[in-house]
Amino acid sequence: MVFGDRLEWVEGWGMATGGAGYVFRPSDASGVAEAIETARSAGLAIALRGAGCSYGDAAFRPESVVLDLSGLNRVLAWDPETGIVDVEPGVSLAALWRLTIGDGWWPPVVTGTMEPTVGGMLAMNVHGANNWPRGTIGEHCIEFDLAVANGESRTVSQKNDADLFHDVIGSFGQFGIITRARLQMKKVYSGQVEVKAVSAPDLGAMLNLTDDAKDKWEYVVGWIDTFARGRNLGRGLLHFARHLEEGEDDDPAASLDPAAQDLPANLFGVVPKGLMWHFLKPMTNRLGMRFVNFGKYLVGSTVADEKVYRQPLAGFSFLLDYVPNWKNIYLPGGLIQHQSFVPAASAESVFRDQLEICHEYGMQSFLAVLKRHRPDSFLMSHAVDGFSLALDFPVIRGRREKLWSMVRALAEPVVAAGGRFYPAKDAALPGELYRSTFREGQLGRFAGIKATLDPDCILRSGLADRLIYED
Ligand SMILES: Cc1cc2nc3c(=O)[nH]c(=O)nc-3n(C[C@H](O)[C@H](O)[C@H](O)COP(=O)(O)OP(=O)(O)OC[C@H]3O[C@@H](n4cnc5c(N)ncnc54)[C@H](O)[C@@H]3O)c2cc1C
């Protein structure tokens with residue numbers, strides 16, 4: 001192969017799936033064009049990649065070109081008056097909020113980590129803990145530039161090209177390369193949020209409290225103790241948060257200073273956070289996790305219950321960044337996540353089934369997160385008017401096949417209830433189950449746009465093959 005020196009092992013964020021690909025890391029449009037041309041002449045498919053934070057096979061494809069766009073990371077324009085920013089696709093969420101917070105603006109939608117790139121976030125149409133009031137990131141995008149497979153580029157705006165705009169965002173990089181995006185940031189009057197912690201004794205209470213909070217608080221997110229059973233099944237803790245109103249913060253300039261948002265360098269005041277995952281690793285087994293879940297619920301439902309406090313925005317939003325490389329606790333096998341979205345009326349019975357299925361398989365989730373969602377009008381939308389439950393599972397040698405078959409078992413009640421799945425988190429879903437969640441005509445529309453914009457099907461990924469292209 002002519003560019004064999006580019007051959008690298010590329011994997012999903014969960015480290016459980018990967019493949020060798022020819023990695024190109026352009027830093028400008030001409031580098032992107034060169035990579036496309038090289039792939040074409042070698043007859044290879046191209047998988048687009050941002051920061052590689054998708055858990056499974058969304059951002060690589062074995063024996064293909066992997067076009068890593070994280071080097072296109074320039075801020076092209078920032079207007080602190082209007083809060084409108086123009087960026088290249090490789091600008092990370094971290095760079096984005098650091099740019100805007102000092103001027104009193106915060107990204108309207110953030111993910112649990114600040115590592116993803118703007119291109120990757122739009123391609124997956126990410127949601128945050130404020131999905132109910134604010135929708136997905138795509139709803140805050142004004143326009144983007146799309147380079148399609150034949151090398152042409154076009155500007156697609158929410159206002160003037162509503163159909164294509166809603167087709168491309170959320171279609172996991174299958175229609176073209178987002179090379180620039182214009183986003184509207186959200187005005188904030190403080191770098192802090194007010195947080196309320198609440199406990200719930202069972203799944204029904206978790207869902208009811210989440211639903212009650214959705215119109216009162218900007219952010220609503222729940223954690224579930226997946227080891228609890230019987231009348232405690234689905235018990236957990238919820239965190240609600242709201243931005244401070246103008247005048248509520250005595251010193252907004254201080255709290256909006258990006259330095260005031262830095263996550264602590266040491267955990268518990270002593271342990272350098274870079275070392276923390278080594279301390280957590282011995283707990284990363286079913287017995288250890290049962291104990292951790294029990295302890296977390298015990299503290300959260302007693303001394304910490306109903307506590308109200310203020311916290312820096314970054315600290316509240318990017319909880320998963322507190323311990324760098326925490327995913328290494330799952331080595332050597334890595335982890336997968338399964339996030340399903342279920343209409344509100346069926347959520348209790350579907351999530352109850354899912355938690356019971358995990359018990360029956362003897363493979364409880366080590367981290368379970370609950371959110372409230374609203375539907376949106378993107379072609380490949382993963383959201384419904386309901387709830388999502390994200391379940392993390394370790395991949396253990398000798399049990400991989402069993403885990404994959406459990407994912408199928410977890411997915412079946414979701415399909416029956418008219419739910420959806422989130423490709424950004426997926427590594428194991430059978431394609432026919434994913435496809436069966438779409439309304440008639442939606443996948444035909446996807447195929448039609450693909451045939452127009454990328455007739456040779458050059459843009460592919462392991463995930464797109466598995467969920468869409470392969471029977
Ligand atoms: C710890 C953690 C927490 C997370 N929390 C959340 C959360 O709260 N909410 C949520 O919604 N998601 C969450 N995610 C998932 C993550 O936000 C998405 O997977 C996101 O797409 C990652 O962005 P990325 O830049 O890493 O893209 P990648 O993972 O590298 O790629 C994602 C997709 O975008 C495509 N792509 C990348 N760049 C471009 C481009 N310029 N043009 C077109 N297509 C492109 C790729 O082909 C791929 O299909 C989380 C992930 C992690 C690891």
Side-chain angles (χ1 to χ4, degrees), residues 10-15 26 29 32 45-61 64-73 87-96 109-131 135-138 144-149 156 168-181 219 221 317-327 335-337 339 341 367 369 371 373 380-383 388 390 392 422-427 453-454 459-465 467-468:
V10 190
E11 57 189 17
W13 187 86
M15 306 173 297
V32 173
I46 302 173
L48 305 178
R49 189 171 178 89
C53 287
S54 295
Y55 276 60
D57 45 1
F60 69 88
R61 184 173 187 270
S64 304
V65 163
V66 176
L67 185 50
D68 180 336
L69 296 151
S70 59
L72 273 74
N73 56 6
V87 291
E88 290 187 330
V91 166
S92 68
L93 185 51
L96 191 60
V109 171
V110 298
T111 54
T113 167
M114 57 175 111
E115 286 179 22
T117 63
V118 169
M121 292 197 298
L122 288 170
M124 284 300 181
N125 202 12
V126 302
H127 60 267
N130 59 353
N131 189 232
T136 55
I137 189 72
F144 56 83
D145 289 343
L146 187 73
V148 294
V156 182
V168 171
I169 292 180
S171 290
F172 35 89
Q174 293 307 292
F175 296 151
I177 304 167
I178 295 168
T179 54
R180 177 191 65 91
Y219 303 98
V221 61
S317 307
F318 307 120
L319 192 65
L320 293 168
D321 290 340
Y322 269 82
V323 179
N325 301 320
W326 62 267
K327 64 178 180 172
L335 77 154
I336 61 168
Q337 189 181 102
Q339 186 175 12
F341 291 67
L367 178 66
V369 174
K371 288 183 196 151
H373 300 274
M380 301 303 277
S381 173
H382 55 270
S388 76
D392 284 10
Y422 188 22
K425 303 294 186 68
D426 177 52
L453 298 183
D454 181 17
L459 296 176
R460 303 182 77 131
S461 63
L463 176 123
D465 284 357
L467 296 186
I468 302 275

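Just so you know, residue 1 is the first one in the sequence shown, and it goes up from there. Whatever order the structure lists ligands and atoms in, that order sets their numbers, starting from 1.
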Under 4.0 Å to a heavy atom of [X] - the qualifying atoms of ligand 1, by number:
{"X": "I177", "result": "42 (N)"}
{"X": "M124", "result": "21 (O), 33 (C), 49 (O)"}
{"X": "A59", "result": "28 (P), 30 (O), 31 (O)"}
{"X": "L320", "result": "1 (C), 3 (C)"}
{"X": "G176", "result": "43 (C)"}

Answer yes or no: is there a side-chain heavy-atom contact under 4.5 Å between [X] and [Y]?
{"X": "P89", "Y": "T117", "result": "no"}
{"X": "L459", "Y": "F172", "result": "no"}
{"X": "V168", "Y": "V156", "result": "no"}
{"X": "P26", "Y": "L67", "result": "yes"}
{"X": "V369", "Y": "Q337", "result": "no"}
{"X": "S54", "Y": "R49", "result": "no"}

### Query
Considering only heavy atoms, which of A464, G170, S54 lies nearest to atom 19 (O) of ligand 1?
S54
### Query
Nearest to atom 1 (C) of ligand 1 by heavy atom, T113, T179, D321: which?
T113
Among protein heavy atoms, which sits nearest to [atom], and what does the distance come to when rounded to 0.1 Å?
{"atom": "atom 42 (N) of ligand 1", "result": "I178 N, 2.9 Å"}
{"atom": "atom 21 (O) of ligand 1", "result": "G120 O, 2.9 Å"}
{"atom": "atom 18 (C) of ligand 1", "result": "A424 CB, 3.9 Å"}
{"atom": "atom 36 (N) of ligand 1", "result": "A123 CB, 3.7 Å"}
{"atom": "atom 6 (C) of ligand 1", "result": "T111 CB, 3.5 Å"}
{"atom": "atom 5 (N) of ligand 1", "result": "G112 N, 3.2 Å"}
{"atom": "atom 48 (C) of ligand 1", "result": "A58 O, 3.3 Å"}
{"atom": "atom 12 (N) of ligand 1", "result": "Y422 OH, 3.5 Å"}

#### Entry: From CD (E11) to OH (Y55), nearest 0.5 Å
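Output value for this atom pair is 14.0 Å.
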### Query
How many angstroms lie between atom CE of M124 and atom OG1 of T136, to the nearest 0.5 angstrom?
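Spacing of CE (M124) from OG1 (T136) equals 13.5 Å.
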Minimal non-hydrogen separation, [X] against [Y], with atom names:
{"X": "W13", "Y": "K327", "result": "O-NZ, 3.0 Å"}
{"X": "D426", "Y": "D57", "result": "O-OD1, 3.8 Å"}
{"X": "G12", "Y": "F60", "result": "N-CE2, 3.6 Å"}
{"X": "A149", "Y": "D454", "result": "CB-OD1, 3.4 Å"}

Quick one: does [X] get a heavy atom under 4.0 Å from ligand 1?
{"X": "A47", "result": "no"}
{"X": "K425", "result": "yes"}
{"X": "G12", "result": "no"}

With a 4.0 Å heavy-atom cut-off (strictly under), which part of [X] contacts ligand 1: side chain, backbone, both or neither?
{"X": "L69", "answer": "side chain"}
{"X": "W13", "answer": "side chain"}
{"X": "H127", "answer": "both"}
{"X": "K371", "answer": "side chain"}
{"X": "A51", "answer": "both"}

### Query
N73 and E88: side-chain donor and acceptor closer than 3.5 Å?
no
### Task
Kindly indicate, with the supporting measurements, whether the criterion ring-ring contact (aromatic ring centres under 6.0 Å, His included) is fulfilled by H382 and H127.
CA-CA 10 Å; H382 55 270; H127 60 267; 5.2 Å; yes
### Task
Return yes or no for this condition: an N or O of C53 is under 3.5 Å from an N or O of ligand 1.
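By distance alone, the answer is yes.
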### Query
Hey, does G50 come in under 3.5 Å of ligand 1, counting only N/O atoms on both sides?
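N/O-N/O distance below 3.5 Å exists for this pair.
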#### Entry: Candidates K371, K425, Q339 - the one meeting side-chain hydrogen bond (donor to acceptor under 3.5 Å, both in side chains) with S388
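So the option named by the test is Q339.
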